[in-house]
Each structure stands twice: as C-alpha cells, then as structure tokens.
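Chain letters run A, B, ... following the sequence lines, proteins first and then strands; every chain starts at 1. Heavy-atom basis, side chains included; hydrogens, waters and symmetry copies ignored.
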There are 2 protein chains.
Amino acid sequence: MEAEIPMPDALTEPRDTPRTVETFRERLLELNGQLPRRLQQCADHVATHLDSIALSTVAQVAQGAGVPPSAVMRFCQIMGFSGFAEMQRLFREALSRAAPDYATRLANLKAGGAGQPSALVAEFVEAGRQSMEALARDLNETTLNQAVVILAQARTVHLAGFRRSFPVASYLAYVFDKLGVPAVLHDGVAGLGHRSSLRPGDALLAITFAPYSEETLALAAFARDRGLPVVALTDPPASGLSGVADTILSVTEIDFGAFRSLSAVIALALSLAVAVAARRET
Amino acid sequence: MEAEIPMPDALTEPRDTPRTVETFRERLLELNGQLPRRLQQCADHVATHLDSIALSTVAQVAQGAGVPPSAVMRFCQIMGFSGFAEMQRLFREALSRAAPDYATRLANLKAGGAGQPSALVAEFVEAGRQSMEALARDLNETTLNQAVVILAQARTVHLAGFRRSFPVASYLAYVFDKLGVPAVLHDGVAGLGHRSSLRPGDALLAITFAPYSEETLALAAFARDRGLPVVALTDPPASGLSGVADTILSVTEIDFGAFRSLSAVIALALSLAVAVAARRET
DNA sequence: CCGTCGTTGGAACATTTATTCCATTTCGTA
DNA sequence: TACGAAATGGAATAAATGTTCCAACGACGG
C-alpha cells in the first residue's frame, strides 16, 4: 500500500514536454539547484547557449558542457523530452520561424540594383534590425529602472528633442497623452521656449544625438539649475550631457548614410513611456 | 595532345567552394539558365529558400524542389561543394553568426519580470524586428517605384500625418530638408491648414493608419480634387484611402499593446525620401 | 566497515541521413 | 531514325548521429 506519497519532485515527476522556448526556460529555472553535478553542468551550459542547440549535435553540446554524451541524453529526458532529437526540434522550429524567408528577401532586394529604392529599404531594414539587436544586447537595466522611477515621480514630464530627435519627442508626447501622463512637448513653435513651465517637482526627458542640439543642451542645463531631475536619451559617448543629466540612457543607432532609422530609439522611448505610466498608476 | 581547349564552362569547370553566402548567390546567378531541367529546379528552389537549407535534410530539399535526392547531390557538387553536408555547413555558420546571443538576451529580458521596464523593451524590440521583417518580405517594389517617380516629379512634396503618424511626417520633413527637396509639413499649428499651399505640380504624401485621422483623409481628398497626385503610406487594408490615393504603400506594423514601434514605417519612409532625392538630382 | 542507491562513463546498438553507383531514359545531332 | 552523350531516378552503401544499456564508482546511512 502506498504508505507515503512522495512530495512532487521536479526530477522524478513525469512532466509533459515543453512546447515553447518559454516553457523550456521555466523548467530550467525550476530545476536549477536540485540537479546532480553532471546534469547541472548541462543545465548551465544550455542556459547560456540556448540558440546554439538548434545547430549542434549531442556530442558538441556534451563537449561544451564538459560531460559525456550520455549525460546530455539524461538531461534531455529530465527536461521532459524523449531525447535530444525532440528537444532540438523545438529550437529548430523557433529558429526557422525567426528567419522565415526574410534573409533571402533582403539579399534579393539589395541585389536588385544599387540605386533601386528597394535596395534602400533593404539597407534601412538591416540598419534598424542591427540597432534593435544592439539595444537588446547592451541595455543597462539599472539605468532604465532609475529613469522610470524619476519620471514616474515627476508631476509633469517635459520632453525636449529637436531636429533629428523631434520625431521621437513628439511620439512620446502622443503616447504620454494617451496614457494620461502629464507631459509637455518643448517644440520650438513661434520661437518661444516653454521654460517657465518647468516647475519644481517636474522632470525633463532630453533626447539628443551627436551633434547635440543647442536648444536641448540649454534646456537641460536650465532644468538642472532649477534642481529638476534630468533623464537623457542619447548615444553612447553622451559627451554633451554627462554634466547635466542624472540618468543617461544610451542607444547605439546604426546609421545608413547620413540617416538613422530611429528604430531602437523609439523602441526604448516607448518602453520608457509605458513603464512610467504603469508605475504612476500603482 | 590537347587539340582543343574547351571554353571555360560554369558547369564543367572545377570551381572552388563558395565561402560566403554572397559568393554562393553569385554562383547561383552565374549558373542560372544553363542548367539541365532537374538541376535548374534545385537552383530555383534553393534561391527562394536560402535560409531553410541550414535546417533541412537532403530529402526535404529534394522534396521541396520536386526532384529526387540524388539530383540535389549533383546540384551541390556543381555549386562547388563536396556534397550537401559541406554546403549546409556554410548556411549553418551564417545562421549562427546572425543570431549570436541576441535571442538569449531577449528571452532573459522578457523573463526578468513581466512588469519590468526591460521586459517592455524586449517586447518592443521583438515587435519592431517582426515589423521590419514583414516589410522586407511583403514590400511591393513596383508600387514603391511608382511612388518615387511621383514624388520626384513634384515641385513641392506635401506631408500629411497627424497623431500617431505625426512623428513619421515630421521626420520626413527633416530628411527632405537635409536633402534639399522642397517639402511642406502640414502640422496643425494654430488650427490652420496649409491648403492654399497645394499648387498644381505638387504632390501629397499622406501618412495614416487605422483609425484614419480625419484631417489626413480630408487633405488627401482635397488634393485629389485639385488634380494633385497622392501617395499614401498606410496599413494593408488601406480602406480609408483606396479612393483618393494614386499609389498606396502598405506596411504591416506589429503592435505591442496599443502602441506601434513605427520601425517599419520609418524605414520605408526614409527609403522613399532618399530615393526621391536621388532621382531628383539626376 | 559494509551495503545500498543514485550517479556516471563508455561501449554497443539503432536510426537517420548523406553519398555513390548504375541501369534506364531523354535529348540533341547526324 | 539511329547513335552517342548527357541526364535522371532509385536502390545500395557509407557515414554520422542519436539512444540505450550496463558495469563501475562514490556518497551516505546503518
């Protein structure tokens, strides 16, 4: 008779096979710490080289983790798969969905002719994609969180961005408006500033890229002098704003020719806006 | 004795193995047209499914091309590889370089916590990337070329875009200015339109997405009535503008939540602007 | 100190996949 | 139409890769 029912145990309990990379990662976390030595090595290696699984053989994964192939097999089974092949299929499917015919099409567009408009699209798409990847790779989460806190505490958010940065600033103004966050867009209409609207308790979000625009720098300095916190959205050297900004969010935007795609900047700005709105509501 | 030296022939001449996807494509073009039927089928299929090679087996490629596996093998050898395995290695390497740790990092950011700002960044980056891929995949080159011609012939380009589309319009205004193309941004400042500035010989570029903004539709209709060509930058159904626009450039922008990343729209707009400027100069 | 049980490594086996080979068909040319 | 060269399809073979199994090991409790 079943005198004692064993506590459900992640290792022994039969689990259904992860169907998405997401659930795979969850299970990986769940298992972490309660695995024997060799299997833990597998888990560690797999966790840090998730994408390489799709293209590796058992032997390669095993070598990477510093274990014999059979250990990798056991690991796959503990993760809920019938074996390595089944686990690999998951990652291959994810990979092929990620790049369907995109790369081919891009190459075709580029090859279509150097002067062709479609070749330009290919270049800008490529630049944008690289920028976004760089953003995801290099994002400093701590700085981002700081920026969110500062802006969420502000009574009113002031937005500064001219010339190349103006589209970003104006989009932020639109988004903040939709989200019910009080925001002022410092456009240059009528040659007037909105300096007098900067009040204690407010904060400034300054968006500028090299070559930094005079107006933005001046406004940032002005805000700083009045004791208002300044968050900067800028490119890595960040030379112009290092003195005046409390928090510097830097984005590397890959240019094509003299123009930048703004993709990464907008993605970051949008995230910032939504996060700020969410924080204010709680 | 070697009585006659045969003309160098792409098929029989021994070629060294392509080392990059680029050279692979070149060789593919070189061979095009001078291949026997089955091999041509292979070439066609491979050309349009370049990326799928990395993850397919010989049998799968063969089935895709509608030929027996042995034909695929011959094709690989004609392309300069020792066999399918060697050819596949090329694409696998390209694929693993393309997604270095990006996917892992993205997943980490997402996993960092649903409410975390960094998770938002991951979502927006993902949305933007998908949008750009969709743009590259679905771009209609003919329509784009038409749009370029129309705008290049215009004396002045009028830009209409409000609310969500305003950042795009304003960025275009900036870019056109830099490129020396006469352009008017129809912002709504002071509640005035710039209708009277629409003159014969001009063209309108209307940017709007569902739900289409009244002002943009009205301006497009107005321009149409005066006989000016209208180019629309909009989303696929394009319902609102189908009557009034001469040329419709459609972009699918993946949203996250209620907000769109604008990445694809901006990439397309930028390409359009640069192509127009280039065409005007010649 | 001994026995047990979970863990480990490697060798044997099974399966999938690539590659070669050759009989047959097709195509171009005389 | 007949000939030879090229192309083709499929079956046979080779290679690689995945999977299983078992003997050996080591940690732990009695």
Listed partners of B:T23 passing side chain to side chain donor-acceptor pair (under 3.5 Å), at least two apart: B:T20
Set of side chain to side chain contact (heavy atoms under 4.5 Å, CB included) partners for B:A43, sequence neighbours left out: B:L28, B:L35, B:Q40, B:F75
Please list each protein N or O that sits under 3.5 Å from an N or O in nucleotides 14-18 of chain D, with the distance.
{"from": "D:dG18", "atom 1": "OP2", "to": "A:V58", "atom 2": "N", "distance (Å)": "2.7"}

NZ/NE/NH1/NH2 to OD/OE distance under 4.0 Å, A:E22 and A:R25: no
Between C1' of C:dA18 and CD of B:Q60, the distance in whole Å: 13 Å
Would you list the atom pairs, donor with acceptor, under 3.5 Å between side chains in residues 59-74 of chain A and any protein atom, with sequence neighbours excluded?
{"from": "A:Q60", "atom 1": "OE1", "to": "A:T57", "atom 2": "N", "distance (Å)": "2.8"}
{"from": "A:Q60", "atom 1": "OE1", "to": "A:T57", "atom 2": "OG1", "distance (Å)": "3.4"}

Separation of C:dG6 P from A:I78 CD1 (nearest whole Å): 13 Å
Residues which pass side chain to side chain donor-acceptor pair (under 3.5 Å) with A:Q77, listed by chain and number, not counting sequence neighbours: none
Spacing of B:L39 atom CG and B:I78 atom CD1 [to the nearest 0.5 Å]: 5.0 Å
Mind listing the N/O atom pairs, protein and nucleotides 10-12 of chain C, below 3.5 Å?
{"from": "C:dG10", "atom 1": "N7", "to": "A:S70", "atom 2": "OG", "distance (Å)": "3.3"}
{"from": "C:dG10", "atom 1": "O6", "to": "A:S70", "atom 2": "OG", "distance (Å)": "3.3"}

Between P of C:dG6 and CG of A:L35, the distance in whole Å: 16 Å
Pairing residues for A:S131 by the side chain to side chain contact (heavy atoms under 4.5 Å, CB included) criterion, not counting sequence neighbours: A:E253, A:I254, A:S261, A:A264
For residues 142-152 of chain B, which side-chain donor-acceptor pairs fall under 3.5 Å, sequence neighbours excluded?
{"from": "B:T143", "atom 1": "OG1", "to": "B:N140", "atom 2": "OD1", "distance (Å)": "3.2"}
{"from": "B:T143", "atom 1": "OG1", "to": "B:N140", "atom 2": "ND2", "distance (Å)": "3.0"}
{"from": "B:N145", "atom 1": "ND2", "to": "B:E141", "atom 2": "O", "distance (Å)": "3.2"}
{"from": "B:Q146", "atom 1": "OE1", "to": "B:T247", "atom 2": "OG1", "distance (Å)": "3.4"}

Under-4.0 Å side-chain N/O to phosphate OP1/OP2 contact, B:Q77 with C:dT20: yes
d(CZ, B:R38; C1', D:dA6) in whole Å: 15 Å
Atom pair distance, as rounded to whole Å: CZ in A:R89 and C1' in C:dT16: 14 Å
Please list each protein N or O that sits under 3.5 Å from an N or O in nucleotides 23-28 of chain C, with the distance.
none

Geometric class of the B:F24/B:F81 ring pair [parallel <30°, tilted 30-60°, perpendicular >60°]: tilted
Rounded interatomic separation in angstrom, taking CZ from A:F75 and P from D:dT19: 14 Å
Criterion salt bridge (charged side-chain N to carboxylate O under 4.0 Å, His left out) on B:E86 and B:R89, from CA distance to verdict: CA-CA 5 Å; B:E86 191 176 305; B:R89 205 175 56 227; 5.1 Å; no
Integer-rounded Å distance: C:dT7 P and A:Q41 CD: 14 Å
Whole angstrom value for the distance that separates C1' of C:dT17 from CD of B:Q63: 15 Å
Between CG on residue A:D235 and OG1 on residue A:T252, distance to nearest 0.5 Å: 8.0 Å
Result of checking A:I266, A:L270, A:L268 against A:V168 for side chain to side chain contact (heavy atoms under 4.5 Å, CB included): A:I266
Bend angle of the helix from C:dC1-D:dG30 to C:dA30-D:dT1, end axes from five pairs each (to 10°): 10°
Salt bridge (charged side-chain N to carboxylate O under 4.0 Å, His left out) involving A:D44 - partner list, sequence neighbours excluded: none
Distance, nearest 0.5 Å, that separates CZ of B:F84 from OG of B:S56: 6.5 Å
